[in-house]
Amino acid sequence: MRCLSRARQNLNNYPPARYLSISSVVQAATSRTIDTTEFSCDAIRNFSIIAHIDHGKSTLADRSLTGTIPRKVIGTNQQVLDKLKVERERGITESYADFPSMIHHANGNKYLLNLIDTPGHVDFSWEVSRSLAACQGALLLVDATQGVQAQSISVFHIAKERGLMIIPVLNKIDMPAADPLRITAQLQSTFGIDSADVLQVSAKTGFGVEKVLQAIIERIPPPSGSMHEPLKAFLFDSQYDQYRGVISLVNVKQGVIRKGDKIASCHTRKKYDVSEVGVLNPEEVPTTCLQPGQVGYIACNMKESSEAHVGDTLHRANVPVDPMPGFQPTKAMVYAGIFPVDTSDFVKLEESIRRLTLTDRSVTMQRESSTALGQGCRLGFLGTLHMDVFRQRLEDEYDANIIVTAPTVPYRVVYRDKTVIVSNPTDFPDEWGPASRVRAVEEPIVNASIIVPEEYLGDMMDLCFSRRVEDLGHRYLDSGGSTSARVMLTCILPLSEIVTDFFDQLKSRSSGYASFDYEDAGYKASNLVKMTFLLNGKPVDALALIVHRSVEQDVGRMWVKKLHKVIPRQLFEVPIQAAVGKRIVARETLSAMRADVTAGLYGGHYERKMKHLENQKESKRRMKRIGNVDLPQEAFFDILSTKAK
Ligand SMILES: Nc1nc2c(ncn2[C@@H]2O[C@H](COP(=O)(O)OP(=O)(O)OP(=O)(O)O)[C@@H](O)[C@H]2O)c(=O)[nH]1
């Protein structure tokens, strides 16, 4: 979901008007009114652009849009899609997909093209399938310099499963390193695509974009649905507007929806009055109605985001219909605790998180308290990138000063009579086994695929072996030629092994050439243990970890060393220990700060000096017994930020 008021604020900052028409076929709209009644199903095409990250979806989307939207609305240097600051900084499209409609003239007819943007990162594959539910076709965009990547394969399969017409498009054809012949052969061998169907474009220069628009009209089938049937509108996303409440994004399957209509939700059975309908162009353009096949927004005084259930069917209040098949709800893959650096800021932090989750429905939230860090919240995310984006938004948009604990995955703890999901290491059982109450523990696993030039194959295999890989296999995607051949590795990995630094390692060991994707493969019994860290014999809950038994010593040793570096020396000696159950698996000792108690003694007897030293020793022993280690928040910040890497 996107906060619309933010998007409006952005519009106010755009540079002076400058009209730009790139495509000769695409007629620029001079006024931003759209009469949706002009477009029957035959004149509508609903499509999406699917691609691996950075292959140019947003650039192509903007390129096809620049002909239809006045430049003053777009801004000269601003991409229409990818509006969030974090998206622009990181060059990714996150889960905040836009759904612009554009008018296109071809063969003497007027068409309404609804482009549904999808995110390109593996964390958001759920969003991809959600967006595709409103489409009949998809442009499979592949970078002509890089070829097929891991995400190209996964999005291709999602689109294929949904029965969409796929138009293969090679992008970045303007670049000297582009190798369209080879990449076309790759598309042929990987997806069985006919080379004659492959289009070549440069989203940057505009070359070939006209042909893409033509192909959308000619190859993608129009949606079907009758205006005379009872209303069925498929809710596939929602946005939050602070003045109008929830704005639902819908695809009308049959019937017509108008302002003033009384509608109801199949999921919640709640009734609403439609106060506004319209299309996104790419900002809201109110219309009189939405007809079958059309994609647009409706405002109907929904107060809570949770009322807009993705996958819901909306119908006329007094005309019930059978609901359309919906979606599985999103599943959090990664959890982390978020705490304020200043513990008195908790109320403010909780409110900021609550507001941010209104615009990002995939985040789950519950309160958490830690003896070391105070009150905080435990949040569930779709992946680590999602977590980073959320954290950055909290810091940028709400000025939050926070500590984020190390990410953990949801483990399954199998008791004699029940199974519970544990997403916080402190809730993980200290001991388990056939004789104990906890019979087994299970961890989430994923089917992973890595695509890499063949010279990095060995490094990639080494990396996988260091992460408890299973079923490792590989196959060649092409035979190479002027450049080296590409290999696809497939394997099963524990999710916990990839939420830490796996992606960074993958990129650094392959000089940035490897691409990676994964999908949920369920749970598997695993020999996991809870590791706690003790400072001066006292456990620090916020530092607890869940690790595989085979690496407990290494992990324990590594973290006590790190703690040793960041904890300030105390007046007494502090043991830093890593423990699994009652067993200490690693230890470092932080030596005491030494005050020179004999400094004031000029000369004097040897025994007098010794007496002072003995007194000091005794008082330190007492201090140690009763003393608490002073662990400043900054030390936590240092430890957890290194831990998260
Ligand atoms: N030379 C050249 N560069 C391009 C072309 N298309 C896109 N780019 C560049 O490739 C980079 C990625 O483009 P985006 O449009 O942000 O890619 P994306 O697929 O939307 O990426 P995500 O939003 O992360 O999924 C940007 O720096 C673009 O300027 C092209 O046709 N030619």
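What you see below is based on every heavy atom in this structure, not just the backbone, and it leaves out hydrogens, waters and symmetry mates. First listed ligand is number 1; within each ligand, the first listed atom is number 1.
Remark: ligand 1 atoms within the under-4.0 Å shell around heavy atoms of M175 are 1 (N). Of all the atoms in ligand 1, the ones that sit under 4.0 Å from a non-hydrogen atom of H55 are 19 (O). The S58 neighbourhood of ligand 1 comprises atoms 15 (O), 18 (P), 20 (O), 23 (O), with distances under 4.0 Å to a heavy atom of that residue. Interface atoms of ligand 1 facing D174, defined by a heavy-atom separation under 4.0 Å, are 1 (N), 2 (C), 30 (C), 31 (O), 32 (N).
The aromatic rings of Y518 and F516 are tilted relative to each other, their planes meeting at an angle between 30° and 60°.
Taking only nitrogen or oxygen atoms, main chain and side chain alike, I53 does not reach within less than 3.5 Å of ligand 1. When only interatomic distances are considered, the shortest N/O to N/O separation between V201 and ligand 1 does not fall below 3.5 Å.
Side-chain atoms of Q146 and Y513 include no donor-acceptor pair closer than 3.5 Å.
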*Dump the intermediate steps for salt bridge (Lys or Arg N to Asp or Glu O under 4.0 Å) on E218 and R45, then the final yes or no.*
CA-CA 10 Å; E218 286 166 8; R45 300 290 182 275; over 6 Å; no
*asked:* Run the ring-ring contact (aromatic ring centres under 6.0 Å, His included) test on Y335 and F381 for me, step by step, so that the C-alpha distance in whole Å, both residues' side-chain angles and the decisive distance to 0.1 Å come before the verdict.
replied: CA-CA 6 Å; Y335 290 83; F381 302 97; 8.3 Å; no
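Using a 4.0 Å cut-off between heavy atoms, K172 contacts ligand 1 through both its backbone and its side chain. Of the heavy atoms in T205, none comes closer than 4.0 Å to ligand 1. With a 4.0 Å cut-off on non-hydrogen atoms, T59 touches ligand 1 through its backbone as well as its side chain.
Proximity of the aromatic rings of F39 and Y111 is defined here by a centroid distance below 6.0 angstrom, and this criterion is not met.
Remark: D462 pairs with no residue by the salt bridge (charged side-chain N to carboxylate O under 4.0 Å, His left out) rule, at least two apart or across chains.
For atom 3 (N) of ligand 1, the nearest non-hydrogen atom from the set K57, Q151, H52, K204 comes from K204.
Proximity of I445 to D520: side-chain heavy atoms (C-beta onward) are nowhere separated by under 4.5 Å.
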